[in-house]
Structure formats: structure tokens, C-alpha cells
Amino acid sequence: METTPPRDEVVANSTISSSIGHLRGLLEVTRLLRGGHRLSSVLDATARTVCDSLGFATVVISLYRPAWDDFEVTAVHGRQEARDVLMGAVRGWKDWTPLLDQRFIRRGAYFIAHDEFDWAEIESASFVPQMEPSDDPDAWHPEDALIVPLGHPDGELVGMMSVDEPRSGRKPTDAELDVLVAVASHAALAVEGAREATRAARHREALEQLLRVSSRLIESRSIDSILQSVCEAIRGALRFQKVSIDLPDPDNGRFLARAAAGWELTDAALNGSSSLADIQPLLDRHFEVEGCFLIPGDVARARVRGGHTTYSSVSNGRGPHAWNHHWLLVPLYDRAGDVMGVIWADDPEDRLVPSRERLQALRLFANQATTALDSRAQFEEMRFLADHDPLTRLANRRAFMGRLELETSRARRYGTSFALVVCDLDGFKFVNDRYGHPAGDEALERVADVLRDVVRSSDGAYRLGGDEFGLILVEAGSREADDVVARVGDALASSADERLTGLSASFGVAVCPEQGATPGTLFNAADQAMYASKRAGGLDFAT
């Protein structure tokens with residue numbers, strides 16, 4: 001014979017069953033926290049768990065969007081009608097603030113009774129389940145609402161979870177609210193964990209891109225190729241849709257784009273012709289973060305000189321964390337600490353102002369570009385010094401002998417002529433002894449400048465060693481050579497530098513083929529002519 005259990009036992013069993021369901025819900029969300037799942041999977045599973053384990057017919061999760069400063073419904077579990085109405089709906093603070101009033105708070109959740117709020121105040125989409133209201137004051141009403149914030153332990157609001165239609169048909173007890181709030185806390189951690197996993201994956205990608213760019217420094221000597229790799233790496237790893245690297249034009253100092261990703265190099269946005277002086281006001285320590293300079297758009301435009309206009313961002317958001325026409329530039333410094341280029345980054349894919357970690361990575365990529373430029377500069381300098389004098393920057397004796405061989409060979413083959421001029425400074429030891437070797441170096445640089453200015457682009461000026469110089473004047477005879485010597489003497493004599501007083505120069509001229517048809521004979525002829533000039537007193541530099 002079957003007996004009916006006592007009422008107290010039935011209630012106790014029901015309570016135990018409910019508690020087990022609540023515990024199962026907590027364990028399931030905790031499992032999600034440790035699982036490293038994708039964010040969409042975490043949200044769907046959390047909503048399903050709250051429905052199944054905590055006994056609600058519909059659960060809606062809205063995530064906070066920092067780029068827009070609002071909340072978007074990203075998961076709906078339960079009634080299909082609710083999903084059709086709410087999925088993807090966006091609700092701003094204007095709609096949420098009245099619901100999060102202190103008068104509605106209960107044990108960390110917000111319970112809004114149907115007769116305590118006018119839902120007509122809410123402009124965004126809402127869902128009211130089809131159910132008959134009950135006269136029981138403890139019964140759930142179709143227009144009741146229960147909202148649980150998804151709060152991170154650091155105080156950041158991750159999102160909102162709204163639950164509806166408890167299967168018990170009754171308003172939640174304090175114990176049920178405690179479980180719901182606990183589940184929401186775990187769900188917030190799971191959401192943040194999924195986001196952190198995404199950030200970590202992007203950080204790993206950035207490091208991998210950085211390593212690839214580093215390898216290019218060894219593999220390639222093409223500076224444009226390396227800079228292009230840096231632009232593409234920044235775009236791919238740091239998610240800036242527009243990136244360019246600008247270097248100054250050696251002729252006018254105006255910045256020109258040498259590499260770009262997301263832009264074409266011919267794009268008008270890259271050709272604003274800014275100089276370092278124009279953008280210097282942007283390099284204010286007030287705007288510096290991790291070696292990058294992040295400036296609000298209106299402030300940047302007001303600071304840039306000459307009314308310069310540049311590209312206007314299209315991937316903007318709104319709210320305190322959003323990118324909103326900001327300017328982000330990263331200076332490239334040479335060894336002396338001077339700016340030798342600029343990286344511009346714009347249109348962040350997530351429409352957010354970049355974090356410190358992201359800016360640190362951007363600075364690392366900028367350092368790679370700096371290394372590439374410095375390596376290239378050193379390579380060019382080494383190649384330059386193979387044929388040039390390091391002090392005067394004139395071509396050296398090695399280059400002189402090669403050019404002399406070339407011109408004498410050409411003269412023999414085509415029956416042309418050219419003039420060779422050799423020059424030796426007289427009294428140079430006096431300058432060194434009286435004013436010091438730095439003054440002597442300056443005197444040599446002064447002579448080199450004069451020689452560069454006087455000769456034509458087709459001619460050549462050389463420092464042969466010590467205080468001896470040479471000129472090769474193509475298609476010139478003795479008259480043209482004498483004119484050049486006179487112009488050199490006049491230019492040196494016009495100097496107001498007292499350290500050149502007492503300094504003179506002796507010149508020797510020889511014309512090929514009249515005075516010599518081979519490099520050796522021609523040079524000897526010019527050398528003999530120079531010594532004859534020296535014995536005659538040379539040309540005085542004194543004014």
C-alpha cells in the first residue's frame with residue numbers, strides 16, 4: 001500500500017532539488033570560465049544554463065560595447081518570440097538608467113514590479129510574454145522584470161542579464177536572487193576570460209609579426225620593402241586599417257609617405273606636405289603614451305601649423321573609450337634623438353582608443369622601422385665612404401684615380417679633351433699650429449664647399465689626401481681651367497674667417513692629351529705645374 005509523503009517532506013525534497021539545480025548552474029558557468037571558449041559560445045551556454053538550471057523561460061544577455069557606450073543583445077535563450085524581437089537590439093544608457101534605480105535593487109539584482117514602472121518610457125525594443133496575470137501578490141506578472149548586472153570584480157560593467165517567466169510562476173526569493181547574482185558574477189568572469197583570450201591571441205600575433213619583420217632586416221636591404229612590411233604588420237596585428245610611414249624629402253624637408261597599408265601611396269590623404277616644424281606641436285609629452293602620441297582630433301587640428309589638414313577617420317565610435325577622429329603618430333628617432341620619420345596609424349578596427357599594451361606593441365614596430373632606417377643609413381654611409389672622404393665628403397683618391405683612368409681612356413677613344421687641376425694649400429700647418437686641428441678641419445671643409453660650388457655637375461672634385469685636392473673638368477681646355485682656378489681663388493678670398501689669413505693655394509693645370517694622354521703622365525704634368533705655382537707664391541686667401 002503506497003503512502004503519500006508528508007507535506008514537509010515534499011517541500012524539503014523540492015528545496016533540495018532546487019538547490020541542486022542552482023548548484024548545477026553555478027558549476028556549469030564556472031566550467032565555462034575555465035574552458036577558454038569563444039565569447040559567443042560562453043554567452044549562449046550561460047543563457048541556456050540559467051534557463052535550464054535556475055528555472056526561467058527566457059534569458060537575455062546584453063553586452064556593453066565600449067566603442068559605442070551602449071549595450072547590444074548578443075544572446076537570447078528560451079522563447080523564439082523573444083529571440084525574434086530582441087536579438088541584436090541595442091539599448092543605451094538613456095534606457096538602462098531608469099531601470100537601475102536604487103529603489104529596485106534587491107540583493108545585487110534589480111526587480112522592477114509591473115506597477116512600479118511605466119515601460120512606455122523605454123524607447124528600445126522589449127518583449128512581454130503572453131501569460132495571464134494572477135491576483136496572487138507573490139505571482140510573477142508578465143510586465144515584471146528582473147535584471148542582473150554582469151560586473152567584473154574590478155568594478156567594470158561587462159553587460160546585463162535579464163530573466164523572465166520563472167517556471168515557478170512566482171517572484172524570486174532572496175535565496176534565488178543570491179544564486180542568480182552569483183551566476184551573473186561567474187558569467188561576467190567567463191565573458192572577460194573570453195575577451196582576454198582574444199586579446200592574448202592578438203598579442204601573440206603581434207609578436208609573430210614583429211619576429212617576421214625582424215627577419216626582414218637581415219634578409220633585405222631594400223628600405224622600402226622593410227617599411228612596407230612594418231606597415232602591413234601593424235595593420236594585421238594591431239588592427240589599424242590605415243597605416244603609413246612618412247620620411248622627410250631630403251630636398252625640402254617635407255614628409256612624404258614611403259610605405260602604406262590601407263592607403264595607396266598616391267592617395268591625397270598622404271600628401272599633405274607637412275614638415276617637422278608643422279607637426280612638432282603634436283609631440284607634446286602631455287599626449288605621450290608608451291612612446292606614441294595620441295591626440296584628440298580637434299586639439300590636433302588646432303595645434304598643427306599652417307592650417308594643415310589630413311585624413312579624417314571613418315572608424316569612429318562614441319563614449320569615453322571610443323576613437324573619435326584621434327591622431328596617432330609615432331616618431332622615429334635617429335641615434336642623436338632627432339626625428340627622422342613618423343608612423344601614422346588610423347581607423348582602429350574596434351573603434352576604440354588603443355590600450356597601453358597596444359601602444360607598446362606599436363612602439364616596438366616603430367623601433368623596427370627605426371632599426372631598418374639606421375641600418376640602411378649605415379650601409380649607405382659605408383658605401384659612400386668607400387669612395388669619399390669622411391671629413392670633406394668629397395670623392396677620395398680612389399675615386400679620383402678611377403675617374404682619371406676613365407676620362408683618359410675616353411679621350412683617346414673619341415679624340416676629346418679634358419683638364420686636370422691639382423691644388424695644394426700653402427700655410428696649412430700654420431693654421432693647425434695657431435688655431436688647432438679643429439680649425440684646420442674647418443679650413444679643409446671650406447675649401448671643399450668652394451670646389452663643389454664652382455665645378456659643374458659633370459665635373460668632379462676630389463680630396464687627394466691631406467691638404468691636396470683635385471678637379472677633373474670634362475671637355476675643358478687650359479682657358480676654362482684657368483677660369484675655374486680664378487673663381488676658386490675669388491671664393492676663398494671672400495671668406496671673413498680670420499683663420500684663413502695667411503693661407504694660400506697653389507694650382508697646377510694639365511690638359512689631356514696635350515700635356516699627357518695617360519693618367520700617370522697627365523697627373524705628373526699637373527703636379528709639376530702646381531709646384532711651379534707654389535714657388536711663385538700661389539693664390540693668397542687674405543681679403
Side-chain angles (χ1 to χ4, degrees), residues 66-67 195 197-217 219-220 222-247 255-272 274 279 282 287 289-295 297 300 310-317 321-333 339-373 376:
R195 287 177 167 172
T198 299
R199 288 192 288 267
R202 289 184 176 177
H203 185 65
R204 286 194 301 272
E205 182 182 355
L207 292 177
E208 291 169 359
Q209 293 273 20
L210 196 62
L211 290 173
R212 282 195 284 271
V213 172
S214 296
S215 68
R216 294 294 303 274
L217 297 179
E219 297 171 359
S220 176
S222 169
I223 188 63
D224 289 330
S225 174
I226 295 173
L227 295 182
Q228 185 63 36
S229 295
V230 171
C231 285
E232 292 171 358
I234 292 173
R235 187 186 188 201
L238 303 183
R239 301 298 198 274
F240 288 99
Q241 298 175 71
K242 300 285 194 300
V243 184
S244 73
I245 298 179
D246 298 357
L247 303 181
F255 282 109
L256 297 175
R258 287 285 296 272
W263 277 304
E264 296 293 333
L265 286 176
T266 55
D267 196 305
L270 301 183
N271 296 292
S274 297
I279 67 170
L282 301 178
F287 304 118
V289 184
E290 302 296 339
C292 307
F293 291 82
L294 180 66
I295 310 103
T310 186
Y311 176 76
S312 182
S313 307
V314 296
S315 295
N316 301 295
H321 306 292
W323 181 274
N324 186 13
H325 299 283
H326 286 74
W327 288 24
L328 176 56
L329 66 157
V330 191
L332 308 178
Y333 299 106
V339 176
M340 63 175 174
V342 177
I343 293 179
W344 294 90
D346 211 323
D347 284 339
E349 191 175 279
D350 59 7
R351 299 174 184 265
L352 292 173
V353 170
S355 64
R356 279 189 170 272
E357 292 76 15
R358 201 168 168 191
L359 292 176
Q360 284 174 352
L362 182 56
R363 181 68 254 180
L364 288 176
F365 279 112
N367 292 344
Q368 292 288 20
T370 300
T371 300
L373 291 170
R376 183 62 177 179

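Values reported hereafter were calculated over all heavy atoms of this structure, with side chains retained and with hydrogens, waters and symmetry mates removed. Here, residue 1 is the first one in the sequence, and each next residue gets the next number.
Of the N and O atoms on the side chains of H325 and S312, at least one donor lies less than 3.5 Å from an acceptor on the other residue.
Atom CG of residue D246 and atom CG of residue L227 lie 10.5 Å apart, to the nearest 0.5 angstrom. For the atom pair E264 CD and S244 OG, the distance stands at 13.0 Å (nearest 0.5 Å). Distance check: E290 CD to S355 OG gives 9.5 Å after rounding to the nearest 0.5 Å. Note: C231 SG to I343 CD1 = 7.0 Å, rounded to the nearest 0.5 Å. The CG atom of L362 sits 10.0 Å away from the CG atom of N367 when rounded to the nearest 0.5 Å. Here CD1 of I279 is found 10.0 Å from CZ of F293. Values are rounded to the nearest 0.5 Å.
Smallest separation of non-hydrogen atoms from D346 and S313: OD1-OG, 2.5 Å. In this structure, L328 and P354 approach most closely via the heavy-atom pair CD2-CG, 4.2 Å. Listed here is the closest heavy atom pair of G297 and W327: CA-CD1, 4.2 Å.
Between W263 and Y311, the distance from one ring center to the other falls under 6.0 angstrom.
Counting only heavy atoms from C-beta outward, the side chains of M340 and T370 approach each other to under 4.5 Å.
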Counting only pairs under 3.5 Å, give me each side-chain donor-acceptor contact of residues 232-243, with atom names and distances, residues two or more places apart or in other chains.
{"unit_1": "E232", "atom_1": "OE2", "unit_2": "Q228", "atom_2": "NE2", "d": "3.1"}
{"unit_1": "R235", "atom_1": "NE", "unit_2": "Q241", "atom_2": "O", "d": "3.3"}
{"unit_1": "R239", "atom_1": "NH1", "unit_2": "E205", "atom_2": "OE1", "d": "3.4"}
{"unit_1": "R239", "atom_1": "NH1", "unit_2": "G236", "atom_2": "O", "d": "2.5"}
{"unit_1": "Q241", "atom_1": "NE2", "unit_2": "S315", "atom_2": "OG", "d": "3.0"}
{"unit_1": "Q241", "atom_1": "NE2", "unit_2": "D347", "atom_2": "O", "d": "3.3"}

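With sequence neighbours excluded, the residues satisfying side-chain contact (heavy atoms from CB on, under 4.5 Å) with V339 are L276, L283, P331, Y333, V342.
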I would like to know whether W323 and D350 meet side-chain contact (heavy atoms from CB on, under 4.5 Å); could you show each step before the answer? CA-CA 9 Å; W323 181 274; D350 59 7; over 6 Å; no
For I245 and R258, what are the C-alpha separation, side-chain angles and deciding distance, and is it a side-chain contact (heavy atoms from CB on, under 4.5 Å)? CA-CA 6 Å; I245 298 179; R258 287 285 296 272; 5.5 Å; no
